[in-house]
Amino acid sequence: MLRDARGIPHIYADTGGDLMRAQGYVQARDRFFEMDTRRHITAGRLAELVGEPGVETDTVIRTMGWRRVAEQELPMLQPETRRALAAYTDGVNAWIEEQGSPSSMALEYTILSLSLPEYRVEPWTSVDSLAWLKAMAWDLRGNYTGELTRAALQGRVSDTMIAELYPAYPTAEHAPILSGKDWRPGGAKGEVGAARAAEGGPAAGSPADLVVRAGRLRAGRLRAGRLVRTSGLVRSARHRGAIDAVPALLGRGDGIGSNSRVVSGDRSTTGAPLLANDPHLGVSMPGIWYQMGLHCREVSDACPIDVSGYTFAGVPGVVIGHNRDIAWGFTNLAPDVTDFYLEQITGDEYLRDGRLRPLETRTETIRVAGGPSQQVTVRSTGHGPILSDAVPSVAAAGDEVEVEGRATSDYAVSFARTALRPTTTADALLGLNTASNWDEFRAAAKDFAVPSQNLVYADTAGHIGYRAPGQVPIRKGVGDNPPGYVPAPGWDSAYDWTGFVPFDELPSSLDPPEGLVVTANQQVTASTTPFLTTEWDSGYRSQRIHDLLESDEQVSPDKMARIQLDTDNGLAPALLGPLLEVELDDPFTEDARALLRDWDGRQPAGAGEDAAAAMYFNAVWQRIVALTFNDDLPADLQASGGSQYWQAVTGLLDKPRSGWWDDRATAGVVEGRDEILRRALVDAALDLTRELGKDPATGRWDQLHRVTFRHRVLGGDTIPAPVRWLVNSGPHPVRGGSSTVDATGWDASQGFAVTSAPSMRMVVDLGDLDASRWVNQTGASGHPFSDHYDDRVDDWLAGRTHPWPSSEAAVREGTEQTLTLTPAAQ
């Protein structure tokens, strides 16, 4: 193993087995406590590590059965994948055996031993690696909070207001990933839009269309012949507690997404394709990714890997990066892959098409460090586990459902999602590592079942491409019941999934005519066939990237890197005009508003007029979100202020008397747009004065907008301050914001602190792979006393990237440490 000045390892071996063993050993050496924590979470065994606080998490994860699914996956995998997992496991266990006691493995074990003196580290297994993919799928499952929000609003606001909150994707303003020239359903050259759009109504399958159809359902008769209040159906499935109980290993919320882009050689200054990626995930210490290279000394069928990039500690191979022939990147496609079903249960049976059928049950024992074990009974129907058993608020909400005018209390809610079925995604990850051309890349992508991603591609032969893989359910719905839009009656099989969209019918493009592909979680195509989701990111980031790429005839690697740091606020052009036109009679607020008159929309770090204007604009936006939406939304579903709300407010600006502008708290008064905008301007100026103790004109955005990298176990507020000081990093001032290209996301209902951010940045030059650039979010090591624990934080904050050597000559030139690993005698 060769390690450079930043602690990044490159491993060289003669066989594939030795390469995977060495990867397991080295990752355990640098990041084992992180790996051990992850496997406890994914197995529903966190309470064994942290005690009673982990019981709720374990209950939810045991109910979903992540590890049980991983156990079913292992025998399904290709022999070479199982061999790689086994070799990786051998390497991890070789390191564990060398260490002896937990206290010699990581500082965290020493600290935890004060309360967990009996804790022992178990050997690693292949299933531990596979179970991590379940957590990855959970955090990247797509944002289905919208389903809960729409349902909770039914009966509280009009169908028109719900449709205004969920407008159709703005295809004309924000280009989808693939145009009609790039891809059409079935390869046909016919119409790609929806018929309803041509007729002047909402596009079929758009959020507005589905809201209208859901509104009809509230008073409509389901196929089962029962009158059901839809709002009650959905309230019974409000699972916010379940989401909060599960640690966000990759992050959660509106900011979880990514940017990627690839340009052809015809459009690059190098004459070869360029590919960039910066996944937006949660912030943590250590960071999510682990950089490394894996190299067979002689690439052959027996040892086919020569790859470099970003890995997950605990999983063999490279997840995102390049080999000697191709490069690839990911962004979250976030199709609708989850559904909730209302179940009628009698004793140990549930109703299904007029017949009672037996529930599947099992008992799970949760061992609790420092306390007695607890038992959990998990019940499942044909749709999936009954999640309402794991979360009391879900069970209590079932009482609100009415059937044929009668209230009932015996409804439960089952949970269907693709990631709770065994798949072969692990085959795909290793297949990407060894692919040498588009056909092999496509073959690997076919196994990428969950979580479904937008895959971008480039190769040294000059080709670029895009591929959407993944299991996407096919739903037929019934009558006016929108498929997958609201929880369905589980007793009627007409609402079941009927299969998955065939791989060949998912969008794909090789060498698109435009010579570029931009993916930033926006709509994939304008077509509603196949149905993927209505919950796209609204496309502000993607369109900004597209515009920046189009602004130059040819794009350099430096420009690809600069685009990753762009802080332009896409909401500003729509909102600034109305804000500047509102009448004010308050000189103090007028002085603050004056900051916005010449603001160019950038949100930089540091001092200056732009920084002060960005601070005030975002403070005003936070107030607009609260005044416009949060008086109507339930307390557990408050508006985050992300791109969906950008788009909603942009539409509401042309509807000054919309019900959203009215403040429910002011009885007898009906506010309009201008009154809410005026109040937001006034309140924001006062907020900033209270927060910063100074005139807003002298403030700056990064005084409010800061990021803290927190240790997952020891970084919380209940941990003693000296320990937090040692294991956390920050708070650090940052530029950017929600839905900007440099996506340092924040939640308007919680404050301005960063909740998600670019977890790494990379730019691959397919003309000279050693000229590629990369930077990680924190550091290579998970050990707080290591020089490489947080040594990349300053570079990440500043937007600096580093050379990315991958050829052996370039790697050796930058080597500072060498480690020779000798396989143990068999």
Side-chain angles (χ1 to χ4, degrees), residues 142-143 146 162-213 254 257-261 331-336 452 454 456 466 468 472 482 485 501 505-509 512-514 516-550 568 570-571 573-574 642-655 739 741:
N143 184 6
I162 298 175
E164 289 170 344
L165 184 59
Y166 292 92
Y169 182 84
T171 305
E173 293 81 25
H174 299 162
I177 295 173
L178 300 181
S179 71
K181 296 178 181 178
D182 300 331
W183 180 86
R184 291 173 184 246
K189 298 299 181 182
E191 164 271 340
V192 296
R196 290 197 185 198
E199 296 165 2
S206 71
D209 171 60
L210 294 178
V211 166
V212 171
R213 295 164 66 190
D254 285 348
S258 303
N259 300 328
S260 70
R261 53 209 164 277
T331 65
N332 197 20
L333 193 153
D336 186 355
S452 185
N454 298 303
V456 293
Y466 166 87
V472 180
Y485 198 64
V501 177
E505 294 180 16
L506 292 168
S508 178
S509 180
E514 291 86 351
L516 62 86
V517 177
V518 174
T519 83
N521 317 115
Q522 80 272 37
Q523 186 183 57
V524 176
T525 76
S527 173
T528 56
T529 303
F531 174 78
L532 300 176
T533 184
T534 61
E535 303 292 319
W536 308 109
D537 179 273
S538 296
Y540 291 89
R541 284 181 289 118
S542 60
Q543 191 58 47
R544 175 65 175 172
I545 295 169
H546 200 279
D547 291 345
L548 290 170
L549 290 174
E550 292 280 16
D568 182 77
L571 176 63
S643 72
Q644 173 207 333
Y645 294 94
W646 285 21
Q647 188 185 355
V649 166
T650 298
L652 291 174
L653 292 173
D654 294 328
K655 301 174 182 178
S739 300
V741 176

Whether the side chain of [X] engages the backbone of [Y] through a donor-acceptor N/O pair (distance < 3.5 Å, no angle test) should be reported.
X      : Y      : answer
Gln647 : Ala168 : yes
Ser643 : Ser739 : no
Asp654 : Gly651 : no
Glu514 : Leu178 : no
Tyr166 : Gln644 : no
Arg541 : Gln522 : no

Could you state the interatomic distance from [atom1] ([X]) to [atom2] ([Y]), rounded to the nearest 0.5 Å?
X      : Y      : atom1 : atom2 : value
Leu532 : Ser527 : CG    : OG    : 8.5 Å
Ile177 : Thr331 : CD1   : OG1   : 5.5 Å
Leu516 : Glu550 : CG    : CD    : 5.5 Å
Ser452 : Asn332 : OG    : CG    : 8.0 Å

Is [Y] close to [X] at the side-chain level, that is, under 4.5 Å between some pair of heavy atoms?
X      : Y      : result
Gln523 : Thr171 : yes
Leu333 : Thr519 : no
Val741 : Asp568 : no

Ignoring hydrogens, what is the shortest heavy-atom contact between [X] and [Y]? Give both atom names and the distance.
X      : Y      : result
Phe531 : Thr534 : CE1-CG2, 3.9 Å
Pro176 : Ala526 : CG-N, 4.0 Å
Ala175 : Ser542 : O-OG, 4.3 Å
Glu164 : Lys655 : OE2-CD, 3.4 Å
Leu506 : Ala468 : CB-O, 3.2 Å
Thr533 : Pro335 : CB-CA, 4.0 Å

Given side-chain contact (heavy atoms from CB on, under 4.5 Å), test Trp536 with Val524 step by step and report yes or no. CA-CA 9 Å; Trp536 308 109; Val524 176; 3.6 Å; yes
Identify, with sequence neighbours excluded, every residue that meets ring-ring contact (aromatic ring centres under 6.0 Å, His included) alongside Tyr466.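 ring-ring contact (aromatic ring centres under 6.0 Å, His included) list for Tyr466, sorted by chain: empty.
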